[in-house]
Protein chains: 2
Amino acid sequence: MKITSKFTVAVHTLLVIYTFSDTKKTTSEFIAASVRVNPVVIRRTLLSLKAAGIVEVKAGSGGARIVKDLKDVSLYDIYKAVDCVDGGLFHFHENPNPACPVGKNIHAVLDNRLSDAQAAMENELKKVTLADLTRDLGEKL
Amino acid sequence: MKITSKFTVAVHTLLVIYTFSDTKKTTSEFIAASVRVNPVVIRRTLLSLKAAGIVEVKAGSGGARIVKDLKDVSLYDIYKAVDCVDGGLFHFHENPNPACPVGKNIHAVLDNRLSDAQAAMENELKKVTLADLTRDLGEKL
DNA sequence: TGTCGATGTAATCAAAAAGATTACAGCAAG
DNA sequence: CTTGCTGTAATCTTTTTGATTACATCGACA
């Protein structure tokens, strides 16, 4: 399976906020029009990003802005903020038979290996920051 | 979200075949009893592993056996065999707005980064072989 | 060769997960 | 005190995943 689109939606959201911060009020509705999802989805995404201290959202008057230095926000921070793989990345079958020597020990044998693989992926995400993305994006415009 | 349990089921299946190859006929029913899933799920798993050249299955008389050297079968080979992340690991939101500068370029900016992260995870899986797992399992018994 | 226990595979179902959508209370600013 | 937006719960739909049923076919062996 896959990692929820919550993650790419969150990245997209931040890029929209950054790109239009000077010229538009970045409301959930405005962002939703670029990402093309329901505004409520954006609001929930913003809640997660706010809880992680990445953005500030004005209730009432509306609009969001990024409150951290772009180079201090990695893809991993966003990934964690929206909690797109709750628990482990790998999904285990739930009821291995404890009466079987293999079923009893399958977790002991596999869990660490799978965690290592997940960690390798996450480390790669730590290497990329919003500053990298906005730079790349700027070159396309 | 997560990577299908097809993957851990496949690994479990191979470990059962290895462990009992001398003493039992490893039928889909027998394996299913250790993994605790429906025997049809095991048959489908075995079909995938067979297509990847990892096992041989006897139609008719029944039973499966591993046909590769254990140290030549990595977790990555199994992962690929059962095709647990079809396409990319990360799930993109489907309709970014092409009329928006961010929506138009989000793939150009993100795709490579995400592929790199996925590759890092897969490289980690390549480092572990069935030989490693059976050794670890042996120590527990 | 005919029976028996397996596999190969399609078709159908059910359960779970992920999003979309509706609805509405509360806040901030003019 | 009105207006436009956020915060958040509740509900519904769609998709995905895995379970289950069903049956044709195969291989070994009496």
Side-chain angles (χ1 to χ4, degrees), chain A residues 1-10 12-13 16-17 20 24-33 35-52 55-65 82-96, chain B residues 1-10 12-13 16-17 20 24-33 35-52 55-65 67 82-97:
Chain A
M1 234 313 293
K2 289 163 183 272
I3 290 173
T4 324
S5 63
K6 279 206 283 187
F7 174 53
T8 56
V9 167
H12 192 151
T13 293
V16 169
I17 295 173
F20 293 98
K24 301 268 186 182
K25 185 160 69 163
T26 50
T27 67
S28 61
E29 192 122 359
F30 178 77
I31 299 167
V35 183
R36 297 239 232 168
V37 295
N38 196 285
V40 177
V41 173
I42 300 296
R43 285 187 217 140
R44 275 196 279 255
T45 301
L46 287 173
L47 285 180
S48 301
L49 293 173
K50 186 170 72 169
V55 301
E56 210 172 66
V57 184
K58 275 212 191 60
S61 54
R65 67 187 191 85
V82 299
D83 191 32
C84 43
V85 298
D86 88 298
L89 174 62
F90 295 88
H91 183 25
F92 235 99
H93 47 292
E94 286 304 328
N95 300 305
Chain B
M1 245 323 296
K2 291 163 181 271
I3 290 174
T4 325
S5 63
K6 279 205 284 189
F7 175 52
T8 54
V9 167
H12 192 151
T13 294
V16 169
I17 294 173
F20 293 97
K24 299 271 185 179
K25 186 161 67 162
T26 51
T27 67
S28 60
E29 192 121 3
F30 177 77
I31 298 166
V35 183
R36 296 239 232 170
V37 295
N38 196 286
V40 176
V41 172
I42 299 296
R43 285 188 217 139
R44 275 197 279 255
T45 301
L46 287 174
L47 285 181
S48 300
L49 293 173
K50 186 169 71 168
V55 301
E56 211 172 67
V57 184
K58 274 213 191 61
S61 55
R65 67 188 191 86
V67 295
V82 298
D83 190 33
C84 41
V85 298
D86 86 298
L89 173 63
F90 294 89
H91 183 24
F92 235 100
H93 48 292
E94 285 305 328
N95 300 305
N97 189 341

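Each chain gets a letter, A, B and so on, in the order the sequences are listed, and its residues count up from 1.
- Rounded to whole angstrom, the span from the NE2 atom of A:His91 across to the P atom of C:dA15 amounts to 16 Å.
- One atom, CZ of B:Arg43, and another, P of C:dG8, lie 8 Å apart when rounded to the nearest Å.
- Side-chain proximity of A:Leu47 to the nucleotides C:dT7, D:dG7, C:dG19 is greatest for D:dG7.
- Remark: C1' of C:dG8 and CG of B:Leu49 are 15 Å apart, rounded to the nearest angstrom.
- Smallest separation of non-hydrogen atoms from A:His12 and B:Pro96: CE1-CB, 3.9 Å.
- Residue B:Lys58 places no side-chain N or O under 4.0 Å from the OP1 or OP2 atom of C:dG5.
- The side chain of A:Ser5 approaches C:dG19 more closely than any other nucleotide in the set C:dT9, C:dG19, D:dG18.
- Put simply, CZ on A:Arg44 and CG on A:Leu49 are 14.0 Å apart, with the number rounded to the nearest 0.5 Å.
- In this structure, A:Val82 and A:Val9 have side chains that are not in contact, with every pair of non-hydrogen atoms separated by 4.5 Å or more.
- Between A:Arg44 and A:Ala64, the residue anchored closer to the 5' end of DNA chain D is A:Ala64, taking for each the nucleotide with the nearest heavy atom.
- Atom-to-atom, NZ of A:Lys50 to C1' of D:dT6 comes out at 8 Å; the value is rounded to the nearest Å.
- Atom NZ in B:Lys6 sits about 8 Å away from atom P in D:dT17, given to the nearest Å.
- Among the nucleotides D:dA19, C:dT7, C:dA20, the one closest to the side chain of B:Val37 is D:dA19.
- Both B:Ser28 and A:Asn38 sit near DNA chain C, but only B:Ser28 has its closest nucleotide nearer the 5' end.
- Spacing between atom NE2 of B:His93 and atom P of C:dA20 amounts to 11 Å, rounded to whole angstrom units.
- One N or O on the side chain of B:Thr27 and one on the backbone of B:Phe30 form a donor-acceptor pair closer than 3.5 Å.
- Straight-line distance from the CZ atom of B:Arg36 to the C1' atom of D:dG18: 17 Å, rounded to whole Å.
- Between A:Lys25 atom NZ and D:dG4 atom P the separation is 10 Å, expressed in whole Å.
- A distance-only check finds a donor-acceptor pair linking the side chain of B:Thr26 to the backbone of B:Ala64 [under 3.5 Å].
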